[in-house]
Amino acid sequence: MNEGTSICQLSPGLLQKGDRSRFCVSDDRFNGRGGIMVMCRTAGIVVMLVLILGLDVCRAGQNAGATARCYWQVGMGSGLLERNSTASTAQFVVTVRGVTHFRGAEIQLTIRGCNGPLPPAWQMQDGGCANAAAELRPGGYGGAFYPSLLTSGGSVPALATSQLGMYYQYADNPCIAPDSTGTVWASFAGAGGVPRDAQQDYALFALRLDLSGVSTGGCRGDLESPGGPDGVAIRPHYFLPCNGRPDLGSVLALVDDDAAIDYIPFEQGYDNLTWCGSPCPDSGMGMPPLPAALTVSSVTPEEPTADTNTGFTVLGSGFQAPLQVVFSGPTGRVTAETATVLNPNTAYVELIVPRWLAGSVDVIVRTAQDSAVLRKAIHYTKFRGVPDSLIAILHAKAADAALSDFNTNALPKLRQQFPDRALIALSRADLGAPSHIERTPDGWNVSYGSPNSGPFITVHFDMQFAIRHVYSRWSNA
């Protein structure tokens with residue numbers, strides 16, 4: 001952004017024409033506090049929004065480190081990991097994190113048809129087929145997962161909304177919704193700011209749309225449409241006003257209590273969604289096509305061998321390298337940092353799934369942009385110890401340490417304790433192969449002999465396969 005950009009460019013929703021009954025104009029006379037007076041006229045009543053906007057409006061504000069995400073949501077629940085939805089009630093939420101002071105915000109979204117112009121089922125503008133089926137809600141729907149940024153911890157005083165709606169084929173200014181796309185524009189601010197918790201995820205804005213056909217009597221492209229649903233893609237797209245100002249892309253604007261404006265980026269992988277449109281090709285908007293939504297549909301084998309290096313085939317969609325696979329359960333998790341991506345729908349990964357992870361687990365796949373989860377039950381066919389390759393590595397490291405500890409430390413004490421017994425030093429042949437290898441929370445235990453009779457030696461390795469302790473004894477001595 002260039003220094004000296006005018007405040008009208010920076011906050012278009014507050015300073016430009018809104019709907020038919022509301023408009024805002026700016027008074028370019030700066031008041032004594034170095035600000036701009038903004039007046040909004042609604043139904044004949046002049047509402048004074050005194051936005052004390054500093055002259056250096058391009059300075060970083062108090063929310064410069066914040067980030068945003070968009071999710072599909074059900075009610076007041078947590079954001080869904082799936083990026084594509086087929087729900088009859090599509091609920092889209094914009095969340096923010098890292099906000100310390102809040103006074104106002106502006107969100108601009110572009111909605112485009114996957115197969116052509118925006119379907120009537122998504123035309124929410126005045127007079128649009130879906131106008132009665134839509135609800136646009138600043139602050140979202142609240143709840144424990146995403147409390148409202150507007151009200152949680154104290155409401156923004158004298159909050160006023162200057163933009164809240166969709167533009168589609170807008171004759172007064174066609175560039176607002178170009179190329180048969182729809183633009184959702186929400187802009188709101190108050191007379192002062194309020195503090196917020198930077199560690200909290202807040203809901204900033206939500207959009208809910210009934211696509212069942214019930215509330216509208218049916219719109220082409222909804223779930224009851226004779227031709228089936230028409231997919232759409234949704235992306236944050238901050239480009240208004242469209243009069244030559246730079247297109248800022250996937251950001252939203254936040255105003256802090258000092259009236260400084262920060263342009264908050266959407267996190268990669270959380271900056272696009274589709275409805276009945278995975279994948280969704282470019283529809284002439286000039287934006288790159290959305291990738292297939294990341295999903296995971298199955299993981300085989302269903303019954304891996306415990307504590308054994310097992311190859312898993314993972315099926316789903318949207319796979320791209322680097323791909324991480326995680327088995328996560330109540331007692332812990334195991335992770336393969338890089339799976340082999342065979343194609344966008346198939347990946348192969350090798351993991352040692354320990355016995356303690358048996359039961360209900362989440363299989364999580366992650367790309368650099370997204371993540372998806374499949375819940376499944378892990379059951380084991382039998383326990384066969386550890387892979388032969390790992391047995392060889394551990395035995396090579398443990399055998400000499402076991403012999404040394406037993407012959408040097410344990411044997412002299414045993415000879416003193418049992419002078420009538422002919423106790424001799426152990427050789428490699430006496431030691432033999434490990435009798436037991438087990439995974440521990442902090443490494444591995446490799447044991448030789450029997451705990452019930454004769455010499456019994458255990459070598460403990462840490463996670464880096466360094467020897468930490470050796471325990472030697474003579475059972476039933």
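What you see is a predicted model; the values in this text were computed from it and never measured.
In this structure the side chain of R103 never reaches within 4.5 angstrom of the side chain of P157, judged on heavy atoms. Within the 4.5 Å cutoff, side-chain heavy atoms of M124 are placed close to those of L207. Residues D201 and F145 form no side-chain contact, since every pair of their non-hydrogen atoms from C-beta on lies 4.5 Å or further apart. Side-chain atoms of F266 and V94, non-hydrogen and from C-beta on, do get closer than 4.5 Å to each other. A heavy-atom distance below 4.5 Å is found between the side chains of L252 and V96. L118 is not listed as a side-chain neighbour of Q125, based on a closest heavy-atom distance of 4.5 Å or more. Using a 4.5 Å cut-off on side-chain heavy atoms (C-beta onward), C70 and L273 make contact. Residues W185 and M166 are not in side-chain contact: their nearest non-hydrogen atoms beyond the backbone lie 4.5 Å or more apart.
Between the side chain of D210 and the main chain of T89, no donor-acceptor pair closer than 3.5 Å is present. The backbone N or O of T300 sits nowhere less than 3.5 Å from a side-chain atom of T313 that would complete a donor-acceptor pair. T183 contributes a side-chain N or O that, together with a main-chain N or O of I176, makes up a donor-acceptor pair within less than 3.5 Å. With R97 contributing its side chain and T67 its backbone, the two residues share no donor-acceptor pair below 3.5 Å. A donor-acceptor contact shorter than 3.5 Å is absent between the side chain of W122 and the backbone of L211. T181 places a side-chain N or O within donor-acceptor distance of the main-chain N or O of P178, the cut-off being under 3.5 Å. Side-chain atoms of Q108 come within 3.5 Å of backbone N or O of F239 as a donor-acceptor pair. Side-chain atoms of D256 come within 3.5 Å of backbone atoms of D258 as a donor-acceptor pair (strictly under, hydrogens ignored). Within the 3.5 Å criterion, the main-chain N or O of A206 finds no donor-acceptor partner in the side chain of Q91. No donor-acceptor pair under 3.5 Å is formed between the side chain of Y146 and the backbone N or O of Y141.
Below 30°, between 30° and 60°, or above 60°: for F92 and W72 the angle between ring planes is above 60°, a perpendicular geometry. Aromatic ring orientation, Y238 versus Y263: perpendicular (interplanar angle above 60°, classes split at 30° and 60°).
How far CZ of R333 is from CD1 of I364: 5.0 Å, rounded to the nearest 0.5 Å. Note that CD of Q324 is 9.5 Å distant from OG1 of T338, once rounded to the nearest 0.5 Å. A distance of 11.0 Å separates CG of L164 from CZ of R137, quoted to the nearest 0.5 Å. Interatomic distance, CZ of R83 versus CG of D271, reported as 8.0 Å (0.5 Å rounding). To the nearest 0.5 Å, the span separating CH2 on W275 from CG on L223 amounts to 4.0 Å. Between S317 atom OG and N343 atom CG the span is 11.0 Å, to the nearest 0.5 Å.
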Quiz prompt | Full working for side-chain contact (heavy atoms from CB on, under 4.5 Å) between T340 and L342 | solution = CA-CA 6 Å; T340 300; L342 303 177; 3.9 Å; yes
Exercise. Determine, step by step, whether F319 and T346 satisfy the side-chain contact (heavy atoms from CB on, under 4.5 Å) criterion, reporting the C-alpha distance in whole Å, the side-chain angles of both residues, the deciding distance to 0.1 Å, and the verdict.
Key: CA-CA 7 Å; F319 294 169; T346 310; 5.5 Å; no
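For the pair A130 and A121, the tightest heavy-atom approach, listed with the atom from each and the gap, is CB-O, 3.2 Å. Across S187 and E106, no two heavy atoms sit closer than the pair OG-OE2, 3.3 Å. Taking each heavy atom of F312 and P301 in turn, the nearest pair found is CD2-CD, 3.7 Å. Pairing each heavy atom of N63 with each of G98, the nearest pair is OD1-O, 4.4 Å. Scanning all heavy atoms of the two residues, the minimum distance from A177 to Q169 falls at CB-N, 4.1 Å. Listed here is the closest heavy atom pair of G231 and N115: N-ND2, 4.4 Å.
Here Y202 and F102 keep their ring centres 6.0 angstrom or further from each other.
At a cut-off of 3.5 Å, with distance as the only test, no side-chain donor of T100 or Q62 sits close to an acceptor on the other residue.
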What donor-acceptor contacts under 3.5 angstrom involve side-chain atoms of residues 148-155, with partners at least two apart or in another chain?
| unit_1 | atom_1 | unit_2 | atom_2 | d |
| --- | --- | --- | --- | --- |
| S148 | OG | G139 | O | 3.4 |
| S148 | OG | L150 | N | 3.1 |

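When each of I107, V156, V255 is tested with F188 by the rule side-chain contact (heavy atoms from CB on, under 4.5 Å), just one qualifies, namely I107.
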